[in-house]
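Okay, handing you the structure first.
Predicted model only: the values in this text are computed from it and were never measured. Numbering starts at 1 and runs along the sequence shown.
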Amino acid sequence: MNLDIRSHIINNFKGDNVQVLKEAIEESIKNNDEITLPGMGVFFELVWQKADEEMKDKMLKILEDCVKQS
């Protein structure tokens with residue numbers, strides 16, 4: 001069985017506005033639900049692909065700081 005998780009997740013949120021996306025992310029984090037991790041990864045991948053080098057550097061610094069504090 002071939003599942004295209006990326007396409008499924010993207011299609012599931014197509015047409016949704018910023019508020020819906022924010023609520024989906026916040027709900028996923030709040031519930032600490034392992035099932036939503038692939039979706040969060042797809043969201044991050046989409047952002048990463050569109051980010052310029054300055055934004056990537058900022059995200060990496062935030063990530064580095066968070067991992068060190070965990």
Side-chain donor or acceptor of Ser28 paired with backbone N/O of Ala24 under 3.5 Å: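 No, the answer is negative, given that no donor and acceptor are paired below the 3.5 Å cut-off.
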
Is there a side-chain contact between Leu46 and Arg6 (heavy atoms, below 4.5 Å)?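 The answer is no, as the side chains (C-beta and beyond) never meet within the 4.5 Å cut-off.
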
Single-linkage hydrophobic cluster, 4.5 Å side-chain cutoff, Val47 and Met55 together: yes

Audit row: Glu54, Asp57, side-chain contact (heavy atoms from CB on, under 4.5 Å) steps and yes/no: CA-CA 5 Å; Glu54 182 179 351; Asp57 288 344; 5.7 Å; no

Ile25-Phe44 co-clustered via ILVMFWY side chain contacts under 4.5 Å: no

Distance, nearest 0.5 Å, that separates NZ of Lys58 from CG of Asp52: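 Answer for the NZ-CG pair, Lys58 versus Asp52, is 8.0 Å.
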
Find the distance between CZ (Phe43) and OG1 (Thr36) and round it off to the nearest 0.5 Å. 10.0 Å

Polar side chain donor-acceptor pair, Glu27 to Asn31, under 3.5 angstrom: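 A donor-acceptor contact under 3.5 Å links the two side chains.
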
Taking atom NZ of Lys56 as the centre, report whether more than 12 heavy atoms of other residues, nucleotides or ligands fall under 6.0 Å from it.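 Yes, the 6.0 Å shell around NZ holds more than 12 heavy atoms from other groups.
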
Met59 versus Ala51, closest heavy-atom pair with distance: CE-CB, 3.7 Å

Applying the 4.5 Å side-chain criterion to the ILVMFWY set and letting contacts propagate, would Ile5 and Met40 be lumped into a single cluster?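 Looking at the clustering, Met40 is in the same group as Ile5.
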
Validation: residues 9-18 side-chain donor-acceptor distances under 3.5 Å, sequence neighbours left out:
{"unit_1": "Asn11", "atom_1": "ND2", "unit_2": "Ser7", "atom_2": "O", "d": "3.1"}
{"unit_1": "Asn17", "atom_1": "OD1", "unit_2": "Gln19", "atom_2": "N", "d": "3.1"}
{"unit_1": "Asn17", "atom_1": "OD1", "unit_2": "Val20", "atom_2": "N", "d": "2.9"}

Apply salt bridge (charged side-chain N to carboxylate O under 4.0 Å, His left out) to Asp65 and Lys61, showing your working. CA-CA 6 Å; Asp65 291 345; Lys61 181 62 178 147; 3.0 Å; yes

Would you say CG of Leu37 has more than 12 non-hydrogen atoms from neighbouring residues, nucleotides or ligands within 6.0 angstrom? yes

